[in-house]
Amino acid sequence: MIKNRIFKDIKFAFEDLKLELNENFTVEIPNSVNHGDFSTNACLISAKPNKMSPKIIAEKVIELLKTKKMYREIEIAGPGFINFHIKPSHFKKILVSVNEEGDDYGRTTYGKEAKILIEFISANPTGPLNIVSARAAAYGDSLYRIMSFAGFRPIREFYINDAGNQVDILAESVELRYRELHNEDIGEFPVEAYHGEYIIDLAALLNTTEGSKLLHISERDRLTKMKEFALAEIHNMQVESLEKFDVQFDNWVSEKSLRAQGVVEEVLSFLAEADCTFEMEEAIWFNSTKFGDDKNRVLMKADGTITYIVPDLAYHLTKLQRGNDVLIDVLGPDHHGYVPRLRAGIQALGYDDSCLEVIFLQQVNLFDQGEKVKMSKRLGKMVTMDDLIDEVGKDAARFFFINRKPSAHLNFDLELAKKKTSENPVFYCQYAHARICSIIKKAEKDKLKLANFDEKYLKKLNKDDEMLIMRKLGDFQHVLCGIADSREPHRLAEYLIELAGMFHKYYQKYTISNKRYKELSIARLYLINAVRIVLKNGLNLIGVSAPTSM
RNA sequence: GCGCCAGUAGCUCAGUUGGAUAGAGCAACGGCCUUCUAAGCCGUGGGUCUGGGGUUCGAAUCCCUACUGGCGUGCCA
């Protein structure tokens, strides 16, 4: 990586000159072509600690680096930037790496195998996954893929809230529909119950195996049966939807089984012994304000049942005990009020809460024909993840979800996602890939084969546009490491759109393959094949297919 | 009231973590297929980066403040 070598060279130069270096300096691809191939602000931001003008520092640094073979030219610019011009031969080395490493190009050991637990979706097992879960799925899974590729050791985890109030309501909802099926008068369907069609389907499905048998057992047994049945069915439904979305999990953690293991009691007694609880109005409270929460929270209600925070805290305790370095929780926007008490709990349990990182995904609004699609949970009018995949396809859905930074609201344009035209960014990228495949295939018929490539042909590549593409390809690792650190996969979508754009322009401007110029053609095929590899690897990291023809 | 997120071109959004002249794509207008995929490319127009202060060599980016929009502020999960 050229960028890394420049980093090292600068560090070396400062050391040699016995100057203090502000380690936050950057090496960037400048936005203007007049500013060289790479530029650094190292001298600017190190001016103060050295009490020297940035330009004088830059002069000294340049004097030292001039001897290095990689640079064609180094110059001072503006207030004290250093602009580097790289020799073409060094850009061409990138092409060789890409072509030789193939599917592994871009993979690094950057993350040093740090264990990162990514918890995402964790939707209630009370219904089909909705579009917010779909966004979380696309985000969490892409982050996982990118972090793996960048040398971290991430784990994907889904927490199932299969205990508590909402699953009781689920059981009651199915039970009512079941009795309705047997022509019982159930009165008006309760407002707080689950109204979706899927509840009726579940009752019907249960009826095919059990018939009217369940009407004759006790209500308690019936509800238990309903609950187990519904939870299992809905879980399978969710797993199926996720499979269609190419999203898999390493662990599914059940709240019910956590409770059964006694972790909940452990947490309660630990907090009591640590003097973090008190009793008031027959309830047991956690004095979370001591740890920065804005009010104290109930742990156990007067009726002896526990609140949500307790098992969730127990769950986070197990994450810590498993030796993870960083815990990433991907949550919906409506959960941000919840985080201070979670942090308080982690501190009370004796851990540093700085390992907990919470990513809030903002809400998703669907638009169709310019109109906002209205949804109502209460009326069961939800657009599910399955609906969305059926409507626009997995590739478009995943790309669109990832194409926006997590903290921004997402306006999902269904009409655009369905369009198979250039307006649709996912097709723009896929088309570039397909186009390259087609050119390579066509060239083979003309006896211009990549297999016949020889490194000496690289001298035929001497256009500025070609250097720009090589530089872009060489930036891939750097982009991925930045994404892993910032947890912002949307940058990969940006990168791919830019790379696809560079290729489309290049294709338009130059003839890539022509029988009359064998060496030039094969060299250019080698170049676009590298573009193809990076597009494919990048698309794969966001779960989007790279078609060979369209 | 308090807290979180956002406010950049007519629309949807980027902006390399404080860098050089703020960029794409749509939409509008004008061009490019006898040649490798026109699902593409080229060109033109479009900006008080919500307003106002501050920090410094340098601010869309950091701090303060006002405004606007979304969400939260359960002994729900």
Side-chain angles (χ1 to χ4, degrees), chain A residues 24 26-32 34-35 39-41 44-45 47-48 53-54 77-81 83 122-124 126 161 164-167 169 192 255 281-285 294-295 297-303 305-309 312 332-340 360 362-363 365 367 370 403-411 413 416 419-425 427-428 430-432 434-443 446 448 475 478-479 482 485-486 488 490-491 493-495 497-498 501 503-514 521 524-525 528 549-550:
Chain A
N24 293 324
T26 56
V27 175
E28 297 172 344
I29 293 179
N31 43 28
S32 162
N34 301 323
H35 297 149
S39 77
T40 182
N41 61 355
L44 280 165
I45 65 169
K48 214 169 235 178
S53 109
F81 290 99
N83 294 341
S122 295
N124 283 339
T126 53
N161 296 123
N165 229 336
Q166 78 287 352
V167 287
I169 296 172
E192 68 278 6
E255 178 183 349
E281 292 165 357
E282 292 175 44
I284 297 173
W285 294 65
D294 53 0
K295 53 176 113 163
R297 309 291 173 175
V298 169
L299 297 175
M300 187 181 279
K301 298 178 252 181
D303 66 3
T305 59
I306 51 172
T307 61
Y308 173 73
I309 179 80
D312 198 32
D334 49 339
H335 282 68
H336 71 250
Y338 173 73
V339 172
F360 292 108
Q362 291 298 320
Q363 69 184 75
N365 294 315
F367 284 81
N403 194 20
R404 212 110 297 171
K405 65 181 166 198
S407 60
H409 288 215
L410 178 70
N411 290 329
D413 187 337
L416 178 62
K419 270 190 188 164
K420 307 204 166 184
T421 72
S422 61
E423 296 163 52
N424 186 348
F427 279 92
Y428 188 72
Q430 290 181 316
Y431 180 51
R435 213 178 206 184
I436 294 171
C437 292
S438 154
I439 294 165
I440 292 173
K441 208 169 157 188
K442 176 89 191 320
D446 293 339
L448 295 167
D475 207 29
H478 193 257
V479 169
D485 279 338
S486 63
E488 291 182 332
H490 74 277
R491 290 198 209 166
E494 287 292 317
Y495 175 89
I497 292 169
E498 280 167 20
F503 165 72
H504 285 308
K505 286 178 182 118
Y506 179 69
Y507 164 83
Q508 211 70 39
K509 198 165 165 185
Y510 304 96
T511 303
I512 290 163
S513 151
N514 183 334
S521 295
R524 286 186 171 165
L525 288 167
I528 65 165
S549 69
M550 287 172 81

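Reminder, nothing fancy here: chain letters follow the sequence lines and each chain counts from 1.
- A/K505 has its NZ atom 5 Å from the P atom of B/C42, to the nearest Å.
- Using a 4.0 Å heavy-atom cutoff across all strands shown, A/K295 reaches sugar-phosphate atoms only and no base atom.
- Taking the P atoms as reference points, B/C26 lies 23 Å from B/G7, given to the whole Å.
- At the heavy-atom level, A/A432 lies nowhere under 4.0 Å from the strands shown.
- The residue A/I29 sits close to a base: some heavy atom pair falls under 4.0 Å.
- In this structure, A/S549 reaches the bases: a heavy-atom distance under 4.0 Å links it to at least one base atom across the strands shown.
- Checked by atom type and distance alone, the side chain of A/H336 pairs as donor or acceptor with a backbone atom of A/P333 at under 3.5 Å.
- Put simply, the side chain of A/E281 and the base of B/C75 share a donor and an acceptor less than 3.5 Å apart.
- For B/C11 and B/C36, the P atoms lie 40 Å apart once the distance is rounded to whole Å.
- Among the protein residues, A/S486 comes within range of the nucleic acid bases, having at least one heavy atom under 4.0 Å from a base atom.
- Residue-level contact check: A/P333 touches the backbone only, with heavy atoms under 4.0 Å from sugar-phosphate atoms and none from bases.
- Residue whose closest nucleotide on RNA chain B sits further toward the 5' end, between A/V27 and A/I309: A/V27.
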Subject >> Strand RNA chain B in bracket notation, Watson-Crick/G-U under 3.5 Å with | for pairs to another chain >> reply: (((((((..((((.....[...)))).(((((.......))))).....(((((..]....))))))))))))....
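- Nucleic acid contact class of A/I45 (heavy atoms, under 4.0 Å, all strands): base.
- For A/T126 against B/A77, a side-chain-to-base donor-acceptor contact under 3.5 Å is absent.
- Comparing B/U73 with B/C57, their P atoms are spaced 45 Å from each other, to the whole Å.
- Across all strands, A/L44 comes closer than 4.0 Å to base atoms (heavy-atom distances).
- Taking syn as a glycosidic angle within 90° of 0, B/C33 qualifies as syn.
- Counting only distance, with no hydrogens or angles, the side chain of A/H504 and the backbone of A/Y428 share a donor-acceptor pair below 3.5 Å.
- Other residues, nucleotides and ligands contribute more than 12 heavy atoms inside 6.0 Å of the NZ atom of A/K301.
- If you take CG of A/N41 and C1' of B/G19, they are 7 Å apart, rounded to a whole angstrom.
- Atom C1' of nucleotide B/G1 and atom CG of A/D294 are separated by 13 Å, given to the nearest angstrom.
- In this structure, B/U17 shows a glycosidic angle within 90 degrees of zero, which is the syn conformation.
- The NE2 atom of A/H504 sits 6 Å away from the P atom of B/C41 (whole-angstrom rounding).
- Heavy atoms of A/F503 sit nowhere under 4.0 angstrom from any nucleic acid atom.
- Nucleotides B/G47 and B/G15, compared at atom C1', are 15 Å apart to the nearest Å.
- Side-chain to base pairing of A/D334 with B/A77: no donor and acceptor N or O lie closer than 3.5 Å to each other.
- Within the 4.0 angstrom heavy-atom criterion, base atoms lie near A/A434.
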Original post:
Could you write nucleotides 5-15 of chain B as a row of B, S and -, 5' to 3', where a protein heavy atom under 4.0 Å of any base atom gives B, of only sugar-phosphate atoms gives S, and otherwise -?
Top reply: SS-----SSSS
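- Atom NE2 in A/H335 sits roughly 16 Å away from atom C1' in B/G3 (whole-Å rounding).
- Comparing A/D475 and A/G501, the nucleotide of RNA chain B nearest to each residue sits closer to the 5' end for A/D475.
- Taking the 5.5 Å centre cut-off and the 30° plane limit, the aromatic side chain of A/F81 is classed as stacked on B/A20.
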